[in-house]
Amino acid sequence: MTEPQNPTEHPRAIRSFVLRQGHMTPAQQRAIDTLWPQYGLDFQNEPIDLAQTFARPNPKVLEIGFGMGTATAEIARRLPDTDFLAADVHGPGVGNLLKLVAEQNLENIRVMRHDAVEIVENMLADGSLDGIHIFFPDPWHKKRHHKRRLIQAPFVAKLLPKLKSGGYIHLATDWEEYAVQMLEVLRGFAGLENTAADYAPTPAYRPETKFEARGKRLGHGVWDIVFRKR
C-alpha cells in the first residue's frame, strides 16, 4: 500500500488532508492486512479503468475524506448499483471502512489510502466519474487558515474535467461560513449549475452521522450543496 508522502519533502499547493496521529486498533490493522488485496487500490501514476476495477460499467462516484467510513458504507449499501472509490489517508479510518466492507459484503467500494489530489491528477481519466462526494471537510475556521480549505477554485478546477456531462458534485458542511464559501466557489464555474436555489435538501442516500445529529440537537446547521456539470 502506498503511504502518504512527507509534506515537508514534497510540498504541494493543494492537499486533501492534514496528517494527524490516530490510534489503530488491532481489528483495523487486521482489516488492512487481510482485506487490502481484495478491496484496496494502490496509487499509480497513470489513469485506471474504473469499469475494469469494479468489473462492471455502473456509475462511479469518488468520495474524498471518508473519516471512519460509516457513512460511506451506508451510502454504498443504499446505492448498490453505484460503485464508490473512497479516498482517505488516515489509517484507522481506512481499516475501519475495510472492516465494514467485509462485514456488510459491500462489493461496490474500493478504498485508497493516498492524497486525493494526486489521485485526481494522475489516476482518473477525464469523464470517468458520475459523481463526487466531499462531506464535512476540515473547515479551518480561523480566518488565517482559510487558505488551507479544500473547497477552493483551483481544486474544483481539477475535479470538473473528471466528471461526465450531467455528473454531480455533492458537498456538505456543518460550518455556515464555509458553506457560503463552497456555494460561491461552485457558482464561479460556468460549467456547473446548482440543483437548488442555494442549498439543497439532503439527498436520501446521505445518512445523518452521529456527529451531525448531535450538532443539530445543539442548534447547529448542516448545509448540503449539489451542483451538476452542464
Side-chain angles (χ1 to χ4, degrees), residues 1-55 60-77 82-125 128-129 131-138 148-151 155 158-159 162 170-172 209 211:
M1 178 188 351
T2 305
E3 294 291 338
Q5 296 174 337
N6 186 331
T8 62
E9 296 177 359
H10 300 273
R12 299 190 58 79
I14 306 171
R15 295 197 77 87
S16 65
F17 65 94
V18 176
L19 286 174
R20 297 187 178 94
Q21 297 298 322
H23 175 67
M24 183 94 72
T25 68
Q28 290 163 356
Q29 185 62 61
R30 186 163 56 250
I32 291 175
D33 293 341
T34 60
L35 298 172
W36 190 262
Q38 184 174 0
Y39 298 109
L41 193 60
D42 292 318
F43 176 78
Q44 62 184 54
N45 274 306
E46 56 186 13
I48 59 172
D49 184 337
L50 290 174
Q52 187 176 61
T53 298
F54 287 90
K60 303 293 186 284
V61 171
L62 171 67
E63 178 164 358
I64 297 174
F66 53 77
M68 295 306 289
T70 305
T72 305
E74 177 60 21
I75 292 170
R77 187 191 67 79
T82 299
D83 295 324
F84 295 89
L85 179 62
D88 207 313
V89 299
H90 300 292
V94 170
N96 200 62
L97 178 54
L98 288 169
K99 181 171 170 286
L100 293 172
V101 166
E103 289 173 351
Q104 300 178 31
N105 297 312
L106 299 172
E107 295 296 331
N108 58 333
I109 294 181
R110 295 295 179 271
V111 182
M112 291 197 68
R113 187 180 181 183
H114 199 83
D115 180 9
V117 175
E118 294 188 346
I119 293 170
V120 169
E121 289 177 339
N122 297 285
M123 289 186 66
L124 298 178
S128 61
L129 298 175
I132 297 170
H133 294 172
I134 307 176
F135 300 148
F136 305 102
D138 195 324
R148 301 182 185 179
R149 288 175 170 174
L150 181 61
I151 307 303
F155 182 56
K158 292 178 183 291
L159 294 176
K162 310 305 175 181
H170 178 185
L171 311 177
T209 66
F211 176 81

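In this chain, numbering begins with 1 at the start of the sequence shown. Computed from heavy atoms alone, side chains included, the values below leave out hydrogens, waters and symmetry copies.
The closest side-chain heavy-atom distance from Met68 to Lys99 is not below 4.5 Å. Residues Leu129 and Leu50 are in side-chain contact: their nearest non-hydrogen atoms beyond the backbone lie under 4.5 Å apart. Using a 4.5 Å heavy-atom cutoff, the side chains of His114 and Met123 are not in contact. Within the 4.5 Å cutoff, side-chain heavy atoms of Ile64 are placed close to those of Leu150.
Contact record, Gly95 with Ile32: CA-CG1, 3.7 Å, taken as the closest heavy-atom pair. Across every non-hydrogen atom of Asp49 and Ala51, the tightest pair is OD1-N, 3.0 Å. Listed here is the closest heavy atom pair of Trp36 and Arg113: CH2-N, 3.7 Å. Heavy-atom minimum distance, Pro92 versus His23: CG-O, 3.5 Å. Nearest approach of Leu35 to Ala102, heavy atoms of both residues: CD1-CB, 3.5 Å.
Within 6.0 Å of CD on Glu103 lie more than 12 heavy atoms contributed by other residues, nucleotides or ligands.
Taking OG1 of Thr72 as the reference point, atom CG of Leu106 lies at 10.5 Å (rounded to 0.5 Å). Annotation: the span from Ile132 atom CD1 to Leu85 atom CG amounts to 11.0 Å, rounded to 0.5 Å. We find the CG-CD1 distance between Leu159 and Ile134 to be 5.5 Å, quoted to the nearest 0.5 Å. Atom CD of residue Glu118 and atom CD of residue Gln44 lie 13.0 Å apart, to the nearest 0.5 angstrom.
Considering only residues two or more places apart in sequence or on other chains, Arg30 meets the salt bridge (Lys or Arg N to Asp or Glu O under 4.0 Å) condition with none of them.
Using the six-membered ring where Trp is involved, His170 and Phe135 have ring planes that are perpendicular, over 60° apart on the 30 and 60° scheme.
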